[in-house]
Structures are given as C-alpha cells and as structure tokens.
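Structure, as structure tokens:
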Amino acid sequence: IDPIKKKFYIIGSSDTLKSWTGTKANYSRTDTGVYNVKFWVESKMGCTANSIKKAYVRSMPIAKLLADRQTKCEGSTSIFQLKRKYYKQAQYDTTRWYWSGSLQKKDSTYGFYKTVYGNYPVKMIINSRYGCKGEDSMVFTINQKPKTVVTRLDHDSCFGTTQTLRARNKYQDTIKGVWWLFPDAGSSTDSIVSKTFSVSGSQSVRTIISTSYLGCRDTIYTTVNVKPLPVVNYSISASTQCLRANDFGFTKNVNSNGATVTDYHWTYGDGQQENGASKTAPHHSYSSIGMYSVKLAVTDQYGCKDSVS
C-alpha cells in the first residue's frame with residue numbers, strides 16, 4: 001500500500017515535522033555537522049513506519065587566493081607567486097589553477113609567469129574531499145615598459161661646443177623620471193640637457209627613463225661624436241720689409257686632426273682679407289708704413305674652427 005503521508009525531522013533540533021512528496025525529501029542546513037534524520041510514513045490504514053539516517057553537512061573549502069603582488073613591469077623575469085589560504089582541512093582539498101579558461105596546474109601553489117604587458121585573470125578552484133567546491137580569482141597586471149627615445153638637437157659637434165639632447169617615452173607623453181649618465185661622471189635628471197664634453201672622440205651617453213607604473217624603466221646608450229679642433233699656425237717669408245715693392249708671403253701650418261680643411265680665411269690688418277680652400281700660401285703687399293696684425297682662421301668639414309694672429 002502506497003503511503004499517503006511522508007514526514008521527517010532532525011532529531012535533537014527544534015525543527016517540526018516536514019512533509020514531503022515523491023521519492024526524495026529535500027532539506028538544507030546552514031550549520032555544519034552530523035545530523036540524525038528520522039523519516040516517518042503513514043499509510044491509508046494508519047500504519048506507520050520510520051527509520052533514522054545520518055546526514056553529514058560538510059564545511060565549504062576556504063577559497064582565498066593569495067599572491068606576493070598583482071603588478072610588475074613588462075620584461076621582468078620575476079614570477080607572480082600564488083598560493084591558497086591554508087586552514088585546518090586544507091590538506092584534503094584539491095586545488096586547480098586556471099588561466100584563460102585552461103587548467104594550468106594542480107597544486108596548492110602556482111608560479112604565474114608572463115612577460116608581455118596586459119591583464120591576466122587567474123582563477124583558483126578548490127574541491128574538498130567531500131566534493132564541496134569553492135573558487136576565487138584575481139587579475140594580474142603587467143605594465144608596459146617605456147621605450148626610451150633620445151633626440152639629438154645637434155649633429156656631431158666640435159670640441160668645446162655644447163650638445164643638446166632630449167629624452168622621451170615612445171609610448172607615452174609623460175615620464176616620471178630621467179637619468180643621464182655621461183662618460184666624465186657627470187649626470188642630470190632633466191628631460192632636455194645641454195652638455196659640453198671635456199674630451200673629443202666618441203662619447204657614450206647612458207639614458208634611463210621611468211614611468212609612474214611601478215617605476216618601469218628602460219635604458220639606452222647614445223653615441224655622441226665630439227670632433228677635435230684643428231690646430232693652426234702660419235709662417236711669414238720676411239716679417240720686416242721696406243715699403244717699396246714689399247711682398248709678404250704667408251704659409252699655413254695646420255694640424256687638421258684627420259679632418260679636411262675647407263676654408264682658410266686671411267685677415268691682413270689693413271682692411272683687406274681673402275678666403276678659400278686654396279688659400280694655403282697667399283701673398284700680400286701693404287700700401288703704407290706700419291705694423292699689421294695678420295690673422296688666419298681655418299674651418300674644417302665639420303665646422304670646427306681655430307685661428308691664430
């Protein structure tokens with residue numbers, strides 16, 4: 001005979017009889033523990049039967065994702081160290097780590113390594129030995145590394161002149177800090193610097209920029225060529241002559257330091273002058289008696305100059 005009344009209750013609790021239909025009774029508890037559940041049925045004829053079963057309400061696993069940090073700079077070789085929060089029953093749990101929807105690892109810890117900038121969501125799913133499930137997630141950010149660009153406002157310069165250099169970030173207009181390190185131990189923190197180098201030759205300048213994102217940095221080296229100056233002198237065939245038929249012969253004496261002299265400019269002190277690449281040994285005559293100061297200025301292919309009087 002099919003029963004027409006079905007009820008159950010939790011022994012030792014204040015719950016009243018709960019009615020149910022069908023073949024299953026559904027009931028939930030908010031507290032963990034082991035409960036003795038008494039099932040009771042009554043037929044149409046008033047006959048009754050009951051049984052007692054144990055119901056186990058297990059605790060949910062504590063799904064708490066812990067990480068040493070959530071952000072780093074692009075290109076960094078450091079690893080995000082992830083782990084789950086430990087609690088008393090944690091040793092019986094199974095922990096799975098997911099990134100981009102794919103299972104990455106089964107362990108209580110996970111070393112998450114990425115180098116390309118962007119946001120990376122990581123999910124941790126924990127299953128207890130009783131099948132209870134918990135999950136937690138965290139987004140890890142890799143900030144874009146700046147790209148240092150150095151602009152030289154002057155081309156190769158001559159010794160003793162000033163070079164102007166400007167640093168900027170290729171990917172963003174703003175930068176947090178700039179460091180210039182020069183070969184003579186000089187330094188600067190300005191975005192635009194003017195520098196006079198103390199020696200000639202190829203000078204390597206180190207430039208570092210950082211952004212506000214964790215101080216992400218980039219470093220480049222720029223070569224600045226400082227050209228040596230030519231060294232000029234000249235000789236006179238006879239420095240003292242009579243006014244009549246005087247003819248002073250001048251001969252240049254130049255150390256060009258590997259460059260090509262493109263102009264010799266002679267100033268004779270009487271208002272007369274001449275210049276040109278071929279004026280290496282000119283002659284000049286004076287129309288009146290006196291003492292004259294003669295100046296020779298030379299310019300090489302790089303625009304470097306020297307003069308002597």
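Remember, predicted model here, so these are calculated numbers, not experimental data.
Using a 4.5 Å heavy-atom cutoff, the side chains of Leu296 and Lys252 are in contact. Considering only heavy atoms from C-beta on, Asn275 stays 4.5 Å or farther from Tyr264 through its side chain. Residues Leu229 and Cys158 meet the side-chain proximity criterion, which asks for heavy atoms closer than 4.5 Å. Residues Ser307 and Lys295 have side chains in contact (heavy-atom distance under 4.5 Å, counting atoms from C-beta outward). For the pair Ser237 and His283, the minimum side-chain heavy-atom distance is 4.5 Å or more. Taking the side chain as every heavy atom from C-beta outward, Pro61 and Tyr92 never approach each other to under 4.5 Å. Here the side chains of Thr207 and Trp179 are not in contact, with every heavy-atom distance at 4.5 Å or above. The shortest distance between side-chain heavy atoms of Phe197 and Phe159 does not fall below 4.5 Å.
Taking CZ from Arg217 and NZ from Lys176, the interatomic distance works out to 9.5 Å, rounded to the nearest 0.5 Å. Here the OG1 atom belonging to Thr95 is positioned 11.5 Å from the NZ atom belonging to Lys106, to the nearest 0.5 angstrom. To the nearest 0.5 Å, the span separating CE on Met124 from NZ on Lys83 amounts to 12.0 Å. Atom CZ of Arg168 sits about 10.5 Å away from atom OG1 of Thr148, to the nearest 0.5 Å.
No donor-acceptor pair closer than 3.5 Å links the side chain of Asp218 to the backbone N or O of Ile209. Counting only distance, with no hydrogens or angles, the side chain of Trp180 and the backbone of Asp190 share a donor-acceptor pair below 3.5 Å. Counting only distance, with no hydrogens or angles, the side chain of Trp97 and the backbone of Asp107 share a donor-acceptor pair below 3.5 Å. Not a single donor-acceptor pair under 3.5 Å links the side chain of Asn119 to the backbone N or O of Thr141. A donor-acceptor pair under 3.5 Å is formed between the side chain of Ser285 and the backbone N or O of Asn246. The backbone N or O of Ile175 lies less than 3.5 Å from no partner atom in the side chain of Asn169, so there is not a single donor-acceptor pair. In terms of modelled atom types and a separation under 3.5 Å, the side chain of Asp270 and the main chain of Gln272 share a donor-acceptor contact. Counting only distance, with no hydrogens or angles, the side chain of Arg152 and the backbone of Thr223 share a donor-acceptor pair below 3.5 Å. Side-chain N or O atoms of Asn143 include none that pairs as donor or acceptor with a backbone N or O of Cys73 at under 3.5 Å. With hydrogens and angles disregarded, no donor-acceptor distance shorter than 3.5 Å links the side chain of Gln203 to the backbone of Asn225.
In this model, no donor atom of one side chain and acceptor atom of the other lie less than 3.5 Å apart for Arg206 and Thr222. Remark: the Ser102 side chain and the Ser100 side chain contain no N/O donor-acceptor pair separated by less than 3.5 Å. If you check the side chains of Ser256 and Asp300, you find no donor sitting under 3.5 Å from an acceptor. Thr262 and Gln301 share no donor-acceptor pair across their side chains, judged by distance under 3.5 Å alone.
In this structure, Tyr286 has its ring center under 6.0 Å from that of Phe248. In this structure, Tyr268 has its ring center under 6.0 Å from that of His284. When ring centroids are compared, Trp266 and Tyr234 come within the 6.0 Å threshold.
Taking the ring axis of Phe182 as reference, the NZ or CZ atom of Lys195 stays within 45° of it and closer than 6.0 Å to the ring centre. Taking the ring axis of Trp99 as reference, the NZ or CZ atom of Lys114 stays within 45° of it and closer than 6.0 Å to the ring centre. The cationic atom of Lys72 (NZ for Lys, CZ for Arg) lies less than 6.0 Å from the six-membered ring centre of Phe80 and within 45° of the ring axis.
In the displayed structure, Lys105 atom NZ is contacted under 6.0 Å by more than 12 heavy atoms of other residues, nucleotides or ligands. The number of heavy atoms from other shown groups lying within 6.0 Å of CG (Leu103) is above 12.
Put simply, Phe112 and Ile125 are part of two different groups of oily side chains (I, L, V, M, F, W, Y) that touch within less than 4.5 Å, one to the next. The hydrophobic cluster containing Val178 does not contain Ile208, counting ILVMFWY residues as joined when their side-chain heavy atoms lie under 4.5 angstrom apart, directly or transitively. The hydrophobic cluster containing Ile126 does not contain Ile62, counting ILVMFWY residues as joined when their side-chain heavy atoms lie under 4.5 angstrom apart, directly or transitively. Transitive grouping of hydrophobic side chains (ILVMFWY, heavy atoms separated by less than 4.5 Å) keeps Leu181 and Tyr221 in distinct clusters. Taking hydrophobic clusters as Ile, Leu, Val, Met, Phe, Trp and Tyr residues chained together by side-chain heavy-atom distances below 4.5 Å, Ile236 shares a cluster with Val294.
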Quick one: do Val122 and Tyr98 satisfy side-chain contact (heavy atoms from CB on, under 4.5 Å)? Show the steps, please. CA-CA 6 Å; Val122 175; Tyr98 293 83; over 6 Å; no

Yes or no on side-chain contact (heavy atoms from CB on, under 4.5 Å) for Leu165 and Val224, after CA distance, side-chain angles and deciding distance? CA-CA 10 Å; Leu165 303 99; Val224 176; 4.1 Å; yes

CA sep, side-chain torsions, deciding dist, call: Lys145, Tyr117, side-chain contact (heavy atoms from CB on, under 4.5 Å): CA-CA 8 Å; Lys145 180 181 177 181; Tyr117 75 93; over 6 Å; no

Take His265 and Thr267 through the side-chain contact (heavy atoms from CB on, under 4.5 Å) test and state the conclusion after the steps. CA-CA 7 Å; His265 191 115; Thr267 303; 3.6 Å; yes

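Under the salt bridge (Lys or Arg N to Asp or Glu O under 4.0 Å) test applied with Asp93, the options Lys85, Lys133, Arg129, Arg84 reduce to a single match, Arg84.
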